[in-house]
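Since we're looking at a predicted model, the values are computed, not measured. Order of listing sets the numbers, starting from 1, for every ligand and every atom in it.
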Amino acid sequence: MSDSKRAVVVGGGLGGLAAACTLAARGHSVTLLEASPWLGGKAAVLNADGFRFDMGPTILTIPNVLRKIFSESGRNLDDYLQLVRLDPQWRCFFQHGSVLDLVENVEAMAKTLDAYAPGSADGYRAFLNLSHRLHRVSDDYFFWKSIGGIRDMIDFKAGFQPKILGDVMSMRMGRSVAGTVRKYIPDARVAQMIDHFTQYVGSSPDASPAVLCGIAHMQTEGGVWYPIGGTRAVPEALVKLGTELGVTYRTGTAVKRLLVRDGATVTGVETVAGETIEADAVVSNADAVRTHRELVNGAASKAVRAFDGRRTYEPACSGVVLYLGLNKAYDHLLHHGFVFSRDPHEEFDFIYRKGEPAPDPTCYLAATTRTEPGTAPPGGEALYVLVHTPYLRPHHDWKRMLPEYRRVILEKLKSTGKMPDLESRIVYESALTPQDIHDRYRVLNGAIYGLASHGKWLGAFKPANRSRDLKNLYLAGGAAHPGPGMPMVLMSGWIAADTLDRDRN
Ligand SMILES: Cc1cc2nc3c(=O)[nH]c(=O)nc-3n(C[C@H](O)[C@H](O)[C@H](O)COP(=O)(O)OP(=O)(O)OC[C@H]3O[C@@H](n4cnc5c(N)ncnc54)[C@H](O)[C@@H]3O)c2cc1C
């Protein structure tokens with residue numbers, strides 16, 4: 001190993017773990033520093049009173065990203081992780097009592113829609129065709145490379161090329177997800193269900209660019225998967241791989257600042273304990289905005305001004321999670337479920353514009369005993385309930401707000417979710433609020449999914465994985481390209497590592 005291959009990774013979320021494995025597989029000497037006592041960041045676990053809950057992410061899509069990271073070192077993901085494909089993917093409960101299952105086969109789904117909302121089937125097929133194209137455009141121009149804007153995606157100097165022009169046109173820049181969905185899908189309930197793919201990136205369908213309609217095809221094609229052992233098994237598998245490849249993991253080690261020479265070149269890090277660790281390159285898996293504002297010495301430095309000046313960075317949504325241990329399993333639930341709000345426009349307006357919790361929210365449910373009975377005592381259920389909320393505002397006091405909002409959530413589950421006796425079935429309960437998310441995971445304003453994808457033209461772009469402002473700094477995680485959610489942050493870790501490795505060679 002040459003001397004120029006010492007890399008430090010700041011943060012052991014999924015993005016940091018993926019970067020560490022990829023760098024180690026390419027022959028770099030890697031030290032990963034994580035402030036918390038556990039590795040995996042938001043992909044954490046809660047064990048209590050015989051119940052086991054994934055604390056953060058629960059829906060795993062596009063497992064091929066993980067496969068690629070394992071194949072970097074010639075390993076097979078299946079030797080590290082047992083994945084179960086879930087189909088139907090979601091069960092959806094609507095305000096007026098109807099129930100609709102989202103299945104992965106497009107033709108089967110279209111047939112179901114013919115009966116559920118006559119006239120929706122052809123629109124659904126056409127929407128999935130568009131989604132397929134947008135997925136392909138993302139694969140061709142957006143994924144697996146460090147992108148910070150449209151100029152990184154397309155080589156305009158190469159001149160006019162009809163295929164590229166066609167692909168750019170297909171992105172429908174200037175149009176929103178919600179508007180595009182409704183052009184194809186007239187039924188309000190089906191449109192509400194499809195809108196919800198933008199919740200994977202914590203953004204409003206009304207404000208997000210139409211290119212995000214590609215997420216629907218990513219899910220129908222790649223499937224929804226459950227790792228046995230829970231989502232927690234994903235970071236565990238990555239840590240096992242990294243350990244085999246020689247990565248040094250140091251938990252309980254918070255980084256205080258990046259060492260920056262001449263205001264321009266990163267040469268290592270200094271920990272909160274005062275230790276200096278020199279490195280040829282640093283991958284920061286800490287939030288990209290906080291990396292610049294808090295870890296670069298001197299908030300007014302040229303590098304920070306350049307980062308902040310490039311764009312206004314808006315945090316994605318936050319959320320409240322209730323972890324409910326029940327002495328009963330509700331047979332009408334599937335592994336993943338959505339109990340939808342009465343009006344998506346009202347809901348998203350509260351969360352994303354007014355900045356207040358929605359009075360009638362959508363609740364996402366994970367009932368894991370469907371797939372892994374051991375997550376609850378016999379006959380019980382480890383019910384995970386996630387409700388998206390605005391990112392933290394200065395006046396949000398969640399200690400005060402939680403009891404009232406818990407009540408709103410339980411009432412919604414009792415009525416629209418068809419669980420009238422829910423409260424009497426609770427034998428264990430705990431909660432995670434936006435303030436907890438902010439404090440536990442050191443994110444921007446309690447954001448679950450990094451930066452919002454808002455902006456009908458440029459909303460999909462995040463800070464590039466190779467820092468434009470500081471040499472030897474690379475960014476991985478939900479606030480860096482290509483964005484949040486497990487598959488994307490894993491990809492961001494791979495891109496940061498791949499870019500670093502190419503720069504060195
Ligand atoms: C409640 C919830 C539900 C979710 N549901 C889903 C879902 O169903 N599907 C899905 O795909 N995604 C979901 N997500 C999003 C997904 O969890 C995240 O996008 C992803 O896990 C974030 O990974 P990351 O690499 O950005 O790192 P993070 O998980 O944010 O970890 C970053 C790590 O860096 C560490 N760190 C920060 N600063 C420092 C420092 N100075 N020194 C040392 N360490 C530092 C932090 O302690 C943290 O461990 C959910 C998230 C939450 C919270």
Measure the shortest side-chain to side-chain distance between [X] and [Y] over non-hydrogen atoms and say whether it is less than 4.5 angstrom.
X: Phe53; Y: Val45; answer: no
X: Arg468; Y: Arg310; answer: yes
X: Leu241; Y: Ser73; answer: yes
X: Trp90; Y: Met193; answer: yes
X: Lys145; Y: Asp498; answer: no
X: Val224; Y: Gln219; answer: yes
X: Glu270; Y: Glu275; answer: no

So which bit of [X] gets within less than 4.0 Å of ligand 1, heavy atoms only: side chain, backbone, both or neither?
X: Arg442; answer: side chain
X: Thr58; answer: both
X: Val321; answer: side chain
X: Thr253; answer: backbone
X: Tyr200; answer: neither
X: Thr61; answer: neither
X: Tyr384; answer: side chain

Would you say the ring centroid of [X] lies under 6.0 angstrom from that of [Y]?
X: Tyr449; Y: His388; value: yes
X: Phe338; Y: Phe93; value: no
X: Phe307; Y: Tyr313; value: yes

Ligand 1 atoms in contact with [X] (distance to a heavy atom under 4.0 Å):
X: Gly56; value: 1 (C), 2 (C), 3 (C), 4 (C), 5 (N), 52 (C)
X: Gly41; value: 29 (O), 31 (O), 49 (O)
X: Gly15; value: 25 (O)
X: Ile59; value: 7 (C), 8 (O), 9 (N), 10 (C), 11 (O)
X: Gly11; value: 34 (O), 35 (C), 44 (N)
X: Ser36; value: 47 (O)
X: Leu33; value: 43 (C), 44 (N)

Can you pull out the closest protein heavy atom to [atom]? Residue, atom name and distance to 0.1 Å, please.
atom: atom 24 (P) of ligand 1; result: Asn285 ND2, 3.6 Å
atom: atom 44 (N) of ligand 1; result: Ala35 N, 3.2 Å
atom: atom 38 (N) of ligand 1; result: Ala286 CB, 3.5 Å
atom: atom 23 (O) of ligand 1; result: Val489 CG2, 3.6 Å
atom: atom 11 (O) of ligand 1; result: Met486 N, 2.7 Å
atom: atom 31 (O) of ligand 1; result: Gly13 CA, 3.4 Å

With a cutoff of 4.0 Å, is [X] in contact with ligand 1, counting heavy atoms of the residue only?
X: Ala43; result: no
X: Ile448; result: yes
X: Gly319; result: no

Worksheet item: Would you say the side-chain atoms of Glu244 and Tyr80 include a donor-acceptor pair closer than 3.5 Å?
Response: yes
Worksheet item: Can a donor-acceptor pair be found between the side chains of Tyr364 and Gln199 at a distance below 3.5 Å?
Response: no
Fill in: Pi-cation contact, Tyr391 with Arg393 (under 6.0 Å, within 45°)
yes
Worksheet item: What residues form a side chain to side chain contact (heavy atoms under 4.5 Å, CB included) with Asp501, not counting sequence neighbours?
Response: Lys5, Arg26, His28, Asn505
Worksheet item: Taking NZ, NE, NH1 and NH2 as the nitrogens, is one of them in Lys68 or Glu72 under 4.0 Å from a carboxylate oxygen of the other?
Response: no
So for ligand 1, is [X] a polar contact partner (N or O within less than 3.5 Å, distance only)?
X: Pro487; result: no
X: Val443; result: no
X: Gly16; result: no

Out of [options], whose heavy atom sits nearest [atom]?
atom: atom 18 (C) of ligand 1; options: Glu34, Arg440, Lys42; result: Lys42
atom: atom 17 (O) of ligand 1; options: Pro57, Gly450, Gly477; result: Pro57
atom: atom 19 (O) of ligand 1; options: Ala480, Gly478, Ala254, Gly485; result: Gly485
atom: atom 42 (N) of ligand 1; options: Asp436, Leu60, Val255; result: Val255

Worksheet item: Parallel, tilted or perpendicular: which fits the ring planes of His196 and Phe348, with parallel below 30° and perpendicular above 60°?
Response: tilted
Item to complete: Give the intermediate values and the outcome of salt bridge (charged side-chain N to carboxylate O under 4.0 Å, His left out) for residues Arg466 and Asp503.
Response: CA-CA 10 Å; Arg466 181 198 288 111; Asp503 288 352; 2.9 Å; yes
